[in-house]
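Hydrogens, waters and symmetry mates play no part in the numbers below; they use all other heavy atoms, side chains included. Note that the structure is predicted; figures quoted are calculated from it, not measured.
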Amino acid sequence: LSYDYDESSETWPFFLLTLLCVVLIPLTIAQLYALLKSENSEKATRQKSPLDELDERYTSAKMIDFQKKFSNKRSKLTSKRTIFVVVGWAIVALLVNKIGGNEAIKEAASSLFDPYELLGIATSATEKEVKSAYRKLSVKFHPDKLSKDLTEQQRLDMEEQYVLITKAYKALTDELTRENFLRYGHPDGPQATSHGIALPKFLVNSSGSPLVIISYIAMLGFILPFFVSRWWSRTQSFTKKGIHVKSASYFADRLFNFKPSQVVTVDMIIKWLSHAEEFKIFYPNLTPSVFESLLHDHLNRSSSSDLEDVKLRIVAKTHSLLFGLLDIATSFRNLEITNVTLDTFKSIVQATPSGPYSQILQLPNVNQKAFLEGAVDDIRTLGKLFTFDDKKIGKILGIDDEGKLKDTLTVASQIPHLKIVRAEFKVPGEPVVTPSSTPHIVLKVMVRSARHKFFTPNKIPDEMCSEPQDFDSLRDPFASTLEQPVIPETFAPYFPVKRTGSWCCIVVLQKDGKVIQTPMITNRLSFVNLSKDFDKRKVKDVDSEFDPKEWEVGTIKIPFSQPAPPQKGDYFFRVIVKNTDYFGADLDITMPMSVRD
Amino acid sequence: NQALKRRYQAELARKEIFTEQW
Amino acid sequence: SLVYDVNTKQIQLPEASDDMAMNIAQINKLTQDLIAESNPNFTPKPRDDSTAMIKKLFENGLKQTKQQHFPEALKSISLAIEMAQRKRTPWEAFAIQLQELQFMVKNRIDLCLIQGKFMDALQDIELLQNTGVNTSDVFIRKTDALIKLKQYELAKVECERGLSLDPTNVKLKALLLENTRKLAEYNG
């Protein structure tokens with residue numbers, strides 16, 4: 001009925017200390033790991049490229065300012081979590097200090113029975129050592145052996161000590177006493193125990209209790225529900241792909257009401273993007289038509305005066321919006337919109353309108369007027385551009401400065417082009433695709449530069465295109481593609497955020513011309529071939545000069561969302577591998593699935 | 001029938017868009 | 001809210017969305033045609049007088065084609081199609097109207113291709129595809145038109161799709177080869 005409260009602060013410090021440690025220790029480990037990991041992570045596997053330095057140089061001062069302002073606002077070191085961890089450990093230190101200075105605790109600790117300490121031996125002492133220690137001490141402390149000069153008090157102390165030593169010895173050797181010691185912590189059996197509340201009295205009794213009740217009500221009635229509902233609504237507001245549900249439902253509505261007689265254009269996609277909820281949240285005072293004109297300004301590389309920061313911020317946001325739209329378009333099986341969405345992606349990343357000459361106009365330093373008006377040959381591709389010598393290219397692109405021309409040619413030759421070497425449907429462990437099996441698509445590609453001389457796929461021997469056949473590879477065929485390095489950063493001086501592009505792999509059923517599954521996104525391919533010297537302007541005879549062993553064959557594996565058809569036969573699929581960042585880096589092939597017994 | 005007519009009428013607009021694009 | 005004009009017998013919806021405006025246009029067209037219909041016992045059977053007019057224009061076009069007067073033939077057939085668009089009422093059997101249009105458009109495509117009007121041909125071809133005609137002829141003509149329009153990447157896509165549906169088609173294989181050569185040159 002009557003409880004003992006923790007008047008002497010003996011127990012509540014331990015209670016608080018335990019609570020803090022339970023939270024702090026895992027949190028500290030997690031924070032340290034995150035701090036260290038963010039330094040190493042993808043940067044270690046990402047390939048370096050000559051374009052990295054160029055990208056830095058071509059990024060305008062305004063853009064650098066913008067990037068400083070908006071990206072990495074809060075470094076890991078000053079994040080809320082780190083502050084919490086530091087403050088937490090400071091409190092722990094205070095508590096430990098408090099405990100150490102607390103007399104009541106010290107007294108309680110000293111009354112603990114420690115036989116090893118009493119006998120003056122280590123806790124790992126053997127029985128022999130225990131016996132010899134006891135013999136030595138009992139000789140010293142035995143009442144009959146005590147010196148005659150001692151005072152009464154000293155004599156009593158020595159006797160007490162002797163009793164304790166004997167008890168200690170018995171606790172370690174005698175069965176009954178040892179049992180008592182192990183069970184109750186004292187050889188004499190259960191000692192007096194007290195039960196109480198590990199809180200100071202004032203908190204529970206009249207003076208403090210209103211405070212406690214109020215804090216309970218605040219916690220359970222307001223603070224907790226507030227945080228839970230805020231977390232819940234945040235989770236509910238965003239789709240799996242990271243776009244706002246209102247944006248997603250707008251896109252879905254556009255797709256649902258899409259009429260096939262409409263021609264899908266980049267302008268149409270930009271119009272859709274300008275209705276994104278994310279933009280409304282950023283800038284509630286601006287209308288979708290303003291966002292639309294800002295996006296067009298970006299494509300035309302024109303300044304938006306005082307709305308420049310607004311433009312850059314919404315352009316940065318288009319990344320996740322376009323991926324969200326891509327996901328929705330493929331769910332609706334609409335190929336036209338899927339393709340134009342990816343074209344829009346390229347346009348936005350390169351700040352170049354989509355058109356017949358985009359491959360050339362995406363390059364830096366190109367004099368658009370000179371290029372379009374002075375054209376003798378109709379040059380639309382980088383491959384065609386590289387049939388001319390460097391000086392002629394300078395004339396074609398309207399670049400007089402040699403340094404600038406060199407930069408432009410570097411960018412042009414480092415844009416990855418994909419060439420298909422082998423393409424097949426594969427069922428792990430089977431030589432053919434059997435009815436109702438689960439195949440996946442294996443594409444062997446050659447990443448090459450527009451500068452390189454063309455060589456036919458049959459020049460690459462089968463051994464270079466083979467897949468490992470060990471058990472692990474059969475169990476998880478996609479693991480091997482992850483061994484390829486992450487692709488280098490994109491050359492995109494007009495895009496507000498430093499980025500790595502990716503390839504989106506879309507599978508289409510040729511029979512009805514519709515997309516059959518959501519895209520597979522990959523950003524792992526080796527670009528080592530791009531720096532090879534195999535210039536088409538210099539190579540005279542491909543057969544003698546081409547050595548396939550010097551080239552790296554990349555792998556793209558696409559999971560197939562449906563089982564193979566149950567009947568034998570040939571089924572045709574179109575596989576489109578579209579790059580998000582560069583014009584001219586795509587692959588579009590038709591491949592048969594031969595279903596056999 | 002009306003949908004078919006609309007699709008036929010759309011030819012002119014489509015031609016303009018493609019001509020501009022290409 | 002809807003506004004009804006008693007004189008013209010048409011409804012209007014100011015500030016209607018695209019879809020709503022389309023529905024209203026449909027209703028007004030139906031009303032107009034019903035009012036103009038003199039026969040109280042009309043059926044889905046296509047009107048004979050309309051059929052006669054359309055047929056006359058179309059056969060004129062065929063005759064001119066035989067005589068190799070291609071520009072005139074194109075004009076006649078286009079007129080025939082326009083006549084069908086104007087004269088046919090919404091309640092005349094859809095299957096027949098669709099077939100009629102598809103048949104005339106097929107002829108027009110070939111006339112356009114002969115005269116080098118590739119963009120016009122492409123629009124007619126896509127109309128056929130949108131209305132479900134997916135025969136190899138269509139793919140052959142579309143690939144040809146796209147190559148002539150220098151859209152080699154699009155031509156490759158169409159040709160490959162055509163071959164997926166008809167893998168042994170000789171003409172399509174030949175077009176694929178021709179297009180591959182053009183693409184190689186396009187890509188330097």
With chain C as the partner chain, list the residues of residues 586-593 of chain A whose heavy atoms fall under 4.5 Å from it, by residue number, and write 'none' if nothing qualifies.
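Result: Asp588(A), Ile589(A), Thr590(A).
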
Considering residues, nucleotides and ligands other than [X], do more than 12 of their heavy atoms fall under 6.0 Å from its [atom1]?
X         : atom1 : result
Lys419(A) : NZ    : no
Lys29(C)  : NZ    : yes
Phe256(A) : CZ    : no
Glu153(C) : CD    : no
Lys568(A) : NZ    : no
Gln115(C) : CD    : yes
Lys532(A) : NZ    : yes
Gln12(C)  : CD    : no

Residues in [range] that sit under 4.5 Å from chain A, counting heavy atoms only:
range                       : answer
residues 159-174 of chain C : Glu160(C), Arg161(C), Ser164(C), Leu165(C), Pro167(C)
residues 14-23 of chain C   : Asp19(C), Met22(C)
residues 63-75 of chain C   : none

So do Tyr186(C) and Lys384(A) actually touch side chain to side chain, heavy atoms under 4.5 Å?
no

In terms of heavy-atom proximity below 4.5 Å to chain A, should Glu126(C) be classed as side chain, backbone, both, or neither?
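Contact with chain A involves no heavy atom of Glu126(C) at all.
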
Region of Asn187(C) in contact with chain A, defined by heavy-atom distances below 4.5 Å:
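Both parts, heavy atoms under 4.5 Å.
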
Segment of Asn257(A) engaging chain C (4.5 angstrom heavy-atom cut-off):
side chain

